[in-house]
Structure formats: C-alpha cells, structure tokens
Amino acid sequence: MLNGKKSLFSGMQATGTLHLGNYLGALKNWVELEDDYETFYCVVDLHSITVRQDPAELRRKARALLTLYIAAGLNPEKNCIYYQSHVPAHAELNWILNCFTYMGELSRMTQYKDKASKNEDNINAGLFTYPVLMAADILLFQSDIVPVGDDQKQHIEITRDIAQRFNSVYGEVFTIPEPYIKRTGARIMSLQEPTKKMSKSDDNENASIFLLDNTDTIIRKFKRAVTDSGSEIIHSNDKPGISNLIEIYGIATGKSIDETMKEFEGKGYGEFKIAVGESVASMLKPIQDKYEELSKDKTYIDGVIKSNAEKASYFANKTLRKVQKKIGFPEKIK
Ligand code: TRP
C-alpha cells in the first residue's frame, strides 16, 4: 500500500520494440488501473545491460519506450513512468537483497538458464542476479500486484521468497506481492507461427506488428500472415492462423467473432487479411500520431522524466531507509 492505495509495479526492457501483443495484452488494460492503484511503470535500463548494449541505441530506445507508454494512453500525472537508472535506491536495495538470496535458488531460474545458453561468451554475474534486482524493483514500492507475462511468474515467486525471508528476520518490512496475470486479456499470437505468442524476441520481423509500424508495413505483414488450409473465415481450434486474425480484427473493430465470420462469409483469405491490416493500422494511428507529437516536445518529456523520477525516488527512499535501519546501518548525520 502507498498513499492509502494498493500499489502496482511493472518493469519493461527497452531493448525490444513494443508490439501488438504487448499493447492489447497489457498496456491497453493498464490504463484502466490508474485510479485504483498507485502505479509504477519502470524502464528497466539496469536490467538491460546484463547483455551488451550499444550506448546510443540504449538511450534512444529507453526514451522511445517511455514516450510510447504515454502515447498509448498512460497519463504520466497518474502513472509514474520513469527510468530505473534515475532512482539509485534500486541498486542499493539490490545489494542488500543479494545477501538474502541463495545461489541455489538463482541457479534454478529458467530465464537465467535460457539466457546463459544463448550468451555463452558473456554469462556475467548480473545475468545471474537479475531476479534479485527485479525483487528490489518490486519491493521498493511495497507493490501489491505486479502485471507480468507467464514467463515472469518464477521471478515473482522468488521475489516473494526473498521478501518473506527478510520479513521473518526483521518484521513486516515488505508487502508480499502477487503476480497479476490477466486471463481474460487478449492473447495475440505470432503471425508466422500462430501457435506461439507474439514475442519481442522473435527474430522474424514478419511475425509481429510493432506499434510504430506504418500502414503499408502493417498491411504487408498481415498479407503474409500464415493461415491454415482451407479458405473459409472460420474461428476454430484447428485453424490457429485465421482464428488469431479474427480475434485481432475483433479487438480493432469491436466486432464479435460471429459478426466477423458473417461479414466475411464467402470471401477469401486475401480480402480478409487486408481488412484486418487496415483495421489494425487505423487503431494504431492515433497512438502513432501522439507519439510523433510527443517526440517533438522535448521539454514536456524531459519534465515527465524529471518529475516522475522524483516521485519514484520519494517512495523508494522511504522503503530503503526503513530497510537500512532494520539491518543496522548507522544513521546518517544531518
Ligand atoms: N524481467 C522483466 C521482463 O523482462 C522486466 C522487469 C524488470 C520487471 N523488473 C521488473 C517486470 C519488475 C515486473 C516487475 O519482462
């Protein structure tokens, strides 16, 4: 709890570009949470350097992500959108929590094992302790809920274990967070392999619609989308490709599955794919226009970055001071 409200924290890496799945499955729903929760959406640049980054690219992508969040509808006066590197408390709590985390539990993290096998030439200590930094992110804000994808559930579990371990020694310092995984949220599948989720780390650009793709690109990608055998526009389990397109079309136009099947009865895949592309392009257009407008307004974005980092620091430092005191670090002399 913060300010008498439940608290929500989520972090995102600036390394991939946001795609339609991120928007429809997460971002779009987050906008509705801003009145009920004290929310923190952090661009986790400290996490990003666990794999090598080009400095200019990292800076550019971090700013683009922060801007895109606002463009997609998160009001920065109500939602605290900030850079992790601007709030040193993340790194400070990370160190402390390192001393409450076991090598054994970290070595069981599936994401670590996966990333280590993909980056054999750079299995650094940061990659190993990545979940501890995540725990610090979440616990600094006394978060009640953490919206994440399924792949991050194990990291929320370890966060809970670390928090409980700490609390059992020092008393009720940390709120124990719950993962917030919206079952009803849209599950947008890859356009190239429709049995897999649309993913930031997919190497095939045609598999995903990025939020800043222009209309031509969007339509081209939908035209190339993998569909199933047959030619009818039918939603069914054995037609994952066309079913995915029907669902995307439904979200973009507000039409139900039945309405869509009726609308395209007797029509072919080709015509339907173009319609889906056009509907998605027009859904994303306002976000893209807003993004363009915001990108030009350096003063405004700089102001958001500064004021939100201050807000995040205020809450983070409160928790950090409490932790430091519990542990027995000497009080600062004022
Ligand atoms: N590891 C998360 C991801 O890759 C990003 C992240 C960092 C995060 N810190 C977090 C997510 C805290 C939720 C809460 O998606």
Side-chain angles (χ1 to χ4, degrees), residues 2 6-19 21-23 25-27 29-30 33 37-51 53 58 61-62 65-66 68-69 74 79-95 97-98 101 106 109-116 118-119 124 126-163 174-182 185 188 197-202 208 312 315-316 319:
L2 287 182
K6 285 202 165 185
S7 162
L8 175 160
F9 185 96
S10 193
M12 51 275 160
Q13 296 232 24
T15 39
T17 324
L18 287 186
H19 57 62
N22 300 132
Y23 176 63
L27 209 45
N29 308 314
W30 294 354
L33 302 172
Y37 292 88
E38 195 67 60
T39 64
F40 298 87
Y41 297 108
C42 180
V43 177
V44 293
D45 45 5
L46 302 184
H47 280 103
S48 294
I49 64 163
T50 52
V51 294
Q53 303 292 337
L58 180 60
K61 285 188 168 166
L65 180 63
L66 187 136
L68 198 49
Y69 267 64
L74 291 175
N79 302 279
C80 189
I81 306 170
Y82 72 101
Y83 297 132
Q84 194 180 27
S85 61
H86 284 188
V87 179
H90 285 269
E92 293 182 61
L93 184 62
N94 176 26
W95 171 255
L97 297 181
N98 268 336
T101 308
L106 287 175
M109 294 292 116
T110 52
Q111 187 165 33
Y112 166 71
K113 287 191 266 188
D114 187 44
K115 286 194 182 172
K118 286 184 190 149
N119 295 283
N124 60 69
L127 199 63
F128 191 61
T129 60
Y130 180 112
V132 190
L133 179 57
M134 231 177 113
D137 300 342
I138 295 166
L139 300 178
L140 270 181
F141 296 94
Q142 304 294 356
S143 310
D144 294 278
I145 62 167
V146 186
V148 282
D150 262 336
D151 63 324
Q152 295 297 317
K153 252 171 92 178
Q154 200 183 25
H155 290 161
I156 310 299
E157 274 309 311
I158 195 175
T159 299
R160 290 166 58 89
D161 292 342
I162 295 168
F174 295 125
T175 303
I176 310 300
E178 299 276 349
Y180 177 81
I181 297 173
K182 226 179 158 187
I188 306 300
K197 252 173 52 169
M198 195 176 277
S199 157
K200 270 193 197 174
S201 47
D202 203 315
S208 309
F315 289 114
T319 303

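We count ligands from 1, going down the list as the structure has it; atoms in each ligand are counted the same way. Given the structure is predicted, the values throughout are model-derived calculations rather than measurements.
- Of the possible donor and acceptor atoms, none in the side chain of Ser143 sits under 3.5 Å from a partner among the backbone N and O of Ile145.
- In this structure a side-chain-to-backbone donor-acceptor pair under 3.5 Å is present from Lys200 to Gln13.
- The closest donor-acceptor contact from the side chain of Asp202 to the backbone of Met198 lies at 3.5 Å or more, if one exists at all.
- The side-chain heavy atoms of Trp95 and Thr129, taken from C-beta on, include no pair separated by under 4.5 Å.
- Tyr41 has its side chain out of reach of Phe9: every pair of non-hydrogen atoms, C-beta onward, lies at least 4.5 Å apart.
- Sorted by chain and number, the heavy-atom contacts of ligand 1 below 4.0 Å come from Phe9, Gly11, Val44, His47, Tyr130, Met134, Asp137, Ile138, Val146, Val148, Gln152.
- Not less than 6.0 angstrom separates the ring centroid of Tyr112 from the ring centroid of Tyr130.
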